[in-house]
Amino acid sequence: MVKFYDLEAAIMNCWAVCDDIETVFKQVGDGDREPTPDEVMNALLGLKQLYQWKFEQLFTIYELILKEQRGN
């Protein structure tokens with residue numbers, strides 16, 4: 001059984017995208033070593049896939065909560 005708290009935690013987990021983008025931004029702009037274009041592209045592709053999964057998981061939790069509420 002999924003709890004409403006699980007939805008809140010998943011939403012907050014997705015907000016981490018802002019921190020992750022800031023990390024890339026700082027490395028590109030102020031890092032000790034400028035990343036290569038390949039490193040930047042790999043980081044961005046990794047972030048894209050990671051957040052695709054996070055948002056899929058978030059939506060699954062949302063759907064489960066809706067399903068449970070309709071069943072009550």
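Numbers for residues simply follow the sequence, beginning at 1.
Looking at residues two or more places apart in sequence or on another chain, you find no side-chain hydrogen bond (donor to acceptor under 3.5 Å, both in side chains) involving Q49. For the salt bridge (Lys or Arg N to Asp or Glu O under 4.0 Å) test, residues two or more places apart in sequence or in another chain that qualify with K26 are E22.
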Using atom types as modelled, flag every donor-acceptor pair under 3.5 Å from a side chain in residues 1-17 to any protein atom, sequence neighbours excluded.
unit_1	atom_1	unit_2	atom_2	d
D6	OD2	K3	N	2.9
N13	OD1	K54	NZ	3.1

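Hydrophobic cluster membership for M41: none, as no Ile, Leu, Val, Met, Phe, Trp or Tyr side chain comes under 4.5 Å of it.
Residue pairs meeting the ring-ring contact (aromatic ring centres under 6.0 Å, His included) criterion with at least one partner in residues 48-68, sequence neighbours excluded, are F59-Y62. Residue pairs meeting the salt bridge (Lys or Arg N to Asp or Glu O under 4.0 Å) criterion with at least one member in residues 32-46, sequence neighbours excluded, are R33-E39.
Atom-to-atom distance recorded for Q69:CD and L64:CG is 11.5 Å, nearest 0.5 angstrom. A distance of 9.5 Å separates CD of E63 from NZ of K67, quoted to the nearest 0.5 Å.
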